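Heads up, the thing below is written out as structure tokens.
Remember, it's a predicted structure, so these values are computed and weren't measured experimentally.
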Amino acid sequence: FFSSRRRHTRLLTVTGVQTCALPIFAPTATVTSPASPTNASAPTFTVNFSETVSGLAASDFTTSGTATGCVIGTPSAASGTSMTVSVSGCSEGTLGLTLAANGVTDTAGNTGPAANASSSTITIDRTAPTASFTASPATPNKATSLAYTLTFSKAVSGLSASDFQVSGTSTGCTITPSASSGTTFTITLTTCSEGTATLALKASTVIIDAAGNTGPTSAVSASTITIDRTAPALTLEQAAGQADPANSGPINFTLTGSETLLASTVTASDFTATNGTIGTISCSGSSCTIPVTASAQGTVSLAPSGTFSVTDPAGNATTTASGTDRSVIFDSVAPTATITAPATPNKAASLTFTVNFSETVYGLTASDFSVLGTATGCTIGAPSSDTGTSMTVTLTGCSEGTVGLRLTPQTVADLAGNTSPATNVDSTLVTIDRTAPTLTLEQAAGRSEEHTSELQSQSTISYAVFCLKKK
């Protein structure tokens with residue numbers, strides 16, 4: 001019992017009693033730290049002694065730890081069994097307080113404590129907690145429950161739904177935090193209408209860390225999301241500017257949505273092509289172009305397939321598409337032409353030729369023709385029509401001789417733009433003869449005079465033995 005606290009002995013002599021040595025005990029001390037962490041400007045330590053002591057002063061203490069600038073205050077009393085000592089001016093960091101050995105004296109004159117008495121180390125933290133939304137829902141989003149992740153720089157308590165607000169065009173949102181204390185929280189929005197929503201944590205004086213600092217000191221916002229639960233309205237038609245009929249490919253069709261379309265959901269399997277093969281589909285924003293290569297001459301059409309399903313970026317799917325103009329005529333064959341001449345020989349002052357095409361053409365003019373043959377002075381009149389499958393062209397002013405009509409190459413085109421003809425197209429030649437014949441009446445060659453006299457003596461003369469000669 002005496003060995004651990006023996007300081008020294010004194011001789012005590014009592015008359016009639018044997019002299020003995022009495023044990024003398026030095027005072028002991030403990031230094032108790034305030035709660036840690038703390039944001040106090042002057043943390044207060046408590047010093048307890050095993051007995052009454054005196055002579056306690058600020059100079060009996062030293063500090064330790066990473067905090068700097070500390071000033072040890074005067075103890076709350078110089079004597080007693082329990083005193084407090086405040087340390088001010090410290091920066092953030094760690095702090096401990098040590099009472100030096102033999103700094104105080106008890107009433108018997110014993111000094112103590114026998115060895116340094118040190119407190120536990122505390123952490124000084126005066127930094128307000130910060131927060132950030134480390135995860136937000138995808139946008140746009142059709143979900144009825146939207147989860148955000150909110151992370152603080154350190155553990156806090158006191159978080160509640162009232163610490164948040166939602167701005168934007170979405171209304172009716174209910175906010176639910178996953179817990180009231182911790183470092184990382186899940187904040188869930190439910191019952192929001194369609195529209196835009198921005199979740200924010202307001203600046204707070206009630207969210208507090210372990211040291212007593214409140215925060216965040218300013219509002220923290222998550223990224224804005226768009227809540228969209230409406231499927232896009234779609235229209236499928238031939239593309240704007242697509243020639244119809246067309247003489248080359250591909251033939252383009254356009255799928256147009258009432259909002260942005262998710263390109264990855266627009267595939268060839270969503271469509272059925274008639275007389276064609278679907279190529280690589282390209283999308284931009286609310287429009288997708290579907291190219292179709294014609295398999296043969298004729299009508300090429302495109303329609304939604306039985307598995308048609310296209311979504312917007314929020315995942316809302318549409319399985320139908322309207323549209324009335326989903327077909328294009330494919331015609332890559334140039335029209336052919338023939339020219340039919342009038343009867344020959346011919347004495348008419350105007351000769352009409354008929355020009356026939358294998359299909360409707362347009363752009364036919366008088367300058368597309370030239371005159372063949374020996375006749376001169378011919379004037380080519382305007383065709384009876386510049387468009388159609390059969391037109392007439394009249395020549396006037398031609399002299400006698402032969403005449404024909406030629407259609408020169410690449411002068412007309414069909415509705416698909418194929419030009420024609422590939423080479424000159426010529427009519428047959430017509431002989432123009434406007435000169436009347438000169439006639440003579442004589443006995444037929446080879447008949448004798450005697451025979452003629454015999455004929456004259458007969459009552460009937462056969463005129464078959466005479467011929468007319470043109471002079």
Side-chain angles (χ1 to χ4, degrees), residues 233-257 261 263-284 286-310 318-340 354-365 368 383-391 406-427:
L234 301 176
T235 301
L236 176 64
E237 292 189 326
Q238 63 171 252
Q242 170 63 53
D244 186 10
N247 64 0
S248 63
I251 295 171
N252 290 318
F253 297 85
T254 301
L255 180 70
T256 304
L261 304 180
S264 61
T265 67
V266 184
T267 65
S269 63
D270 291 310
F271 305 94
T272 299
T274 301
N275 189 30
T277 302
I278 298 172
T280 301
I281 299 172
S282 60
C283 295
S284 177
S286 61
S287 178
C288 295
T289 299
I290 304 98
V292 178
T293 300
S295 301
Q297 305 293 310
T299 300
V300 176
S301 61
L302 189 71
S305 68
T307 59
F308 181 84
S309 180
V310 174
T318 298
T319 57
T320 60
S322 62
T324 57
D325 191 4
R326 298 176 178 174
S327 62
V328 173
I329 296 173
F330 179 70
D331 174 11
S332 62
V333 177
T336 60
T338 59
I339 303 177
T340 303
T354 301
V355 185
N356 291 308
F357 293 93
S358 58
E359 59 181 303
T360 299
V361 298
Y362 63 92
L364 188 67
T365 66
D368 297 330
S384 58
S385 175
D386 64 352
T387 302
T389 57
S390 183
M391 299 82 149
R406 168 175 287 176
L407 175 62
T408 54
Q410 312 300 327
T411 50
V412 295
D414 63 14
L415 296 178
N418 302 298
T419 57
S420 177
T423 59
N424 291 329
V425 176
D426 297 340
S427 71

For side-chain contact (heavy atoms from CB on, under 4.5 Å), just list the numbers for Thr389 and Thr360, CA-CA rounded to whole Å, side-chain angles, deciding distance to a tenth of an Å, and then say yes or no.
CA-CA 5 Å; Thr389 57; Thr360 299; 3.6 Å; yes

Heavy-atom pair of closest approach, residues [X] and [Y]:
X      : Y      : result
Pro421 : Thr411 : CD-OG1, 3.9 Å
Gly276 : Ala273 : O-CB, 3.6 Å
Ala334 : Glu359 : C-OE2, 4.1 Å
Leu255 : Phe308 : CD1-CZ, 4.2 Å
Leu261 : Leu234 : CD2-CD2, 3.7 Å
Ile278 : Ala268 : CD1-O, 3.8 Å

In Å and rounded to the nearest 0.5 Å, what is the [atom1] to [atom2] distance from [X] to [Y]?
X      : Y      : atom1 : atom2 : result
Ser248 : Phe330 : OG    : CZ    : 7.0 Å
Asn418 : Asn247 : CG    : CG    : 4.5 Å
Ser327 : Phe253 : OG    : CZ    : 7.0 Å
Phe271 : Leu236 : CZ    : CG    : 6.0 Å
Ser385 : Tyr362 : OG    : OH    : 14.0 Å
Thr419 : Asp414 : OG1   : CG    : 8.5 Å

Counting only N and O atoms by type, is there a donor-acceptor contact under 3.5 Å from the side chain of [X] to the main-chain atoms of [Y]?
X      : Y      : answer
Ser420 : Pro335 : yes
Asn275 : Ala296 : yes
Ser305 : Ser269 : yes
Asp331 : Pro245 : no

Given side-chain contact (heavy atoms from CB on, under 4.5 Å), test Thr340 with Asn356 step by step and report yes or no.
CA-CA 8 Å; Thr340 303; Asn356 291 308; 4.3 Å; yes

Test side chain to side chain contact (heavy atoms under 4.5 Å, CB included), reference Pro250, set Thr280, Val300, Thr293, Thr277, output is Thr293

Quick one: which of Leu302, Thr254, Ile251, Asn252 gives a side chain to side chain contact (heavy atoms under 4.5 Å, CB included) with Ile290?
Leu302

Let me see the working for Arg406 and Val425 under side-chain contact (heavy atoms from CB on, under 4.5 Å), right down to the final yes or no.
CA-CA 6 Å; Arg406 168 175 287 176; Val425 176; over 6 Å; no

Side-chain touch [X]/[Y], heavy atoms, less than 4.5 angstrom:
X      : Y      : answer
Ser390 : Thr354 : yes
Val328 : Thr299 : no
Val361 : Met391 : yes
Pro409 : Asn424 : yes
Gln297 : Ser332 : yes

Stepwise side-chain contact (heavy atoms from CB on, under 4.5 Å) test for Leu407 and Ile339
CA-CA 8 Å; Leu407 175 62; Ile339 303 177; 4.0 Å; yes

Thr235 versus Ser322, side-chain donor and acceptor atoms under 3.5 Å:
yes

